[in-house]
2 protein chains.
Amino acid sequence: MRTTHVPVPPPASDTEGTMESHPAPGGHSVRTRSQHQRRKRIVQAAAALASRGGVEAMQMRTVAERAGVALGTLYRYFPSKMDLVVAVVGEEIDLLESSIERRPPGAATPSSRAVDVLMRATRGLMREPELADALIRSLIMAEVQTPFGDRMTGLLLRVSADGLSLEEASEEQTDLAGSLASVWVQELLEMLRGRRTYDQIQRRIETAAARLLADI
Amino acid sequence: MRTTHVPVPPPASDTEGTMESHPAPGGHSVRTRSQHQRRKRIVQAAAALASRGGVEAMQMRTVAERAGVALGTLYRYFPSKMDLVVAVVGEEIDLLESSIERRPPGAATPSSRAVDVLMRATRGLMREPELADALIRSLIMAEVQTPFGDRMTGLLLRVSADGLSLEEASEEQTDLAGSLASVWVQELLEMLRGRRTYDQIQRRIETAAARLLADI
DNA sequence: CCGCAAACTAGAACAGATTCTAAAAGCTGT
DNA sequence: ACAGCTTTTAGAATCTGTTCTAGTTTGCGG
């Protein structure tokens, strides 16, 4: 076994449990500033590499080198490559969320607001196809629980069901938003495989959203 | 680069293009009988190993050994581990299809017939969690186009829209069936991650199917 | 300033997928 | 039976994720 919940006491790894990403004022062993910086350097190096040649280019040795840390240290911060990818994705989602906040979808119906958000995310990802490919795939594969789906679902609920959060929503509402997120993820995958165009995705998402979020 | 459309002329690999799996009377360079048998032995060995310890246990060296072929030969038939997994999955879907044929879903509404099929598939996969895990994940990751989603979509159309095939269905019908298949795949993944129970999946699939296939 | 535990580093070691090579085996047409 | 071709084979070699080791550096309580 490998990627298993090891009880290591090292630098507080965010992106776990029920999420949280930023410098997050957790409550536990908040390490030194230099550690935060090291972590940041690592994630940046990883993202930079991934945005070039995808996951393949994001080799652990290379990341460590570019980030100026030893391989062992890299593994101390991120027990597996997947964990690193998850962290990179976290940043991307942060970006999307703040973008939504800055310019919230203004459409009239819940479903069109949801479509708006999803297509905005799609365009964002399309801008760096290599990175997108790397991230999406890796996340789907992740053994560990990734906040990806949940964050996306929460985002959808928020924009479609008038500011509802994941906790306040009814089970059915969560199910429906989650389903739409699923459809989106799969469409994204198909696009990365070269089997969908942007327009096709939009059509499918619109169709699905119209039905799933009809009376949400 | 690696898993790239290499122009190798070796044994006709099925599970490509628009699908086909069985001994299939394609039309191209059908190699000798011994090659079919070799191929079959490989896939069997792979499936056997995967149903034990998942993809991890399905190591290329081991597969080659058990199938009684050289490693090089294995790679000649299946250019990458993923391709091998795709082949194994093909067999599983065949099983599901013939099961459906033997005992077609009898429910009254299109959506409940679809739910019936999906949950039957779910149970089938749950029986061999290791294999299921290996297969689903690998398929999603596959660089190559896998017939998985399409076959599932076709199956759904067939049982829900009164025997419609992928070709005859309207674009919207295909979109809707495809979306339901997407939701199912994601739920399956969540289950494999230990985040869904059978009942939860059933509820979500029912909810999604009811809306997506309402008037199909 | 001292000493200790945790964090870090350089680099070797290991594991499994994939590739490469040289030689043996299998077929095909003559 | 033979030459010329492709397929197989055994095994070494390569590549990248991950682990391990030994030694160095850093942060901190005294």
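Throughout, protein chains are lettered first and strands after them, A, B, ... in sequence-line order, and every chain is numbered starting at 1. From a predicted model like this one, the values you see are computed outputs, not experimental measurements.
- As rounded to whole Å, 20 Å separates atom P of D:dA12 from atom CE of B:Met60.
- For the pair A:Glu65 CD and C:dA10 P, the computed distance is 10 Å after rounding to whole Å.
- Salt bridge status for A:Glu130 with A:Arg52: absent, with no side-chain N to carboxylate O gap under 4.0 Å.
- Spacing between atom CD of A:Gln37 and atom P of D:dG27 amounts to 12 Å, rounded to whole angstrom units.
- Across the protein-nucleic acid pair, A:Lys81 atom NZ and D:dT18 atom P stand 8 Å apart, rounded to whole Å.
- Taking 4.0 angstrom as the limit, B:Arg38 places a side-chain polar atom (N or O) nearer than this to OP1 or OP2 of D:dT8.
- For the OP1/OP2 pair of C:dC8 and a distance below 4.0 Å, the side-chain nitrogens and oxygens of A:Tyr77 include at least one atom meeting the criterion.
- For C:dG16, the OP1/OP2 oxygens have no side-chain nitrogen or oxygen of B:Arg61 closer than 4.0 Å.
- The pair B:Arg204-A:Glu171 fails the salt-bridge criterion, with no side-chain N (NZ, NE, NH1 or NH2) lying under 4.0 Å from an Asp/Glu carboxylate O.
- Side-chain N/O atoms of B:Thr73 include one lying less than 4.0 angstrom from OP1 or OP2 on D:dT9.
- At the phosphate of C:dC8, OP1 or OP2 sits under 4.0 Å from a side-chain N or O atom of A:Gln35.
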Could you go over nucleotides 22-25 of chain D and give all protein N or O partners under 3.5 Å, atom names and distances?
none

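- Between the A:Thr207 side chain and the A:Arg203 main chain, a donor and an acceptor come within less than 3.5 Å of each other.
- Residues A:Trp184 and B:Ser182 bring no donor and acceptor atom of their side chains to less than 3.5 Å of each other.
- Taking atom CG of residue B:Leu74 and atom C1' of nucleotide D:dG11, one finds them 15 Å apart after rounding to whole Å.
- In this structure the side chain of A:Leu118 reaches within 4.5 angstrom of the side chain of A:Leu156, judged on heavy atoms.
- Between A:Tyr75 atom OH and C:dG11 atom P there is a gap of 18 Å when expressed in whole angstrom units.
- In summary, B:Asp150 and A:Arg195 engage in a salt bridge, as defined by a charged side-chain N under 4.0 Å from a carboxylate O.
- Annotation: of the two residues near DNA chain C, A:Ala70 and B:Met58, the 5′-most nearest-nucleotide partner is A:Ala70.
- The nearest pair of heavy atoms linking A:Asp133 to A:Leu192 is CA-CD1, 3.5 Å.
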Are there any protein N/O atoms within less than 3.5 Å of an N/O atom in nucleotides 22-28 of chain C, and if so, which ones and at what distance?
none

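- The nearest whole Å value for the distance from the CG atom in A:Leu49 to the P atom in D:dG17 is 11 Å.
- At a threshold of 4.0 Å, the pair B:Asp94-B:Arg151 counts as salt-bridged, since one of the basic side-chain nitrogens sits closer than that to a carboxylate oxygen.
- Ionic pairing of B:Arg193 and B:Glu190 is present here: one or more N-O contacts between side-chain nitrogen and carboxylate oxygen are shorter than 4.0 angstrom.
- Between A:Val69 and B:Val55, the residue whose closest nucleotide on DNA chain C is further toward the 5' end is A:Val69.
- Residue A:Arg127 places its CZ atom among 12 or fewer non-hydrogen atoms of other residues, nucleotides or ligands, all under 6.0 Å distant.
- Heavy-atom distances to DNA chain D give each of B:Leu71 and A:Gln59 a nearest nucleotide, and the one nearer the 5′ end belongs to B:Leu71.
- Atom P of nucleotide D:dG17 and atom CD of B:Glu56 are separated by 16 Å, given to the nearest angstrom.
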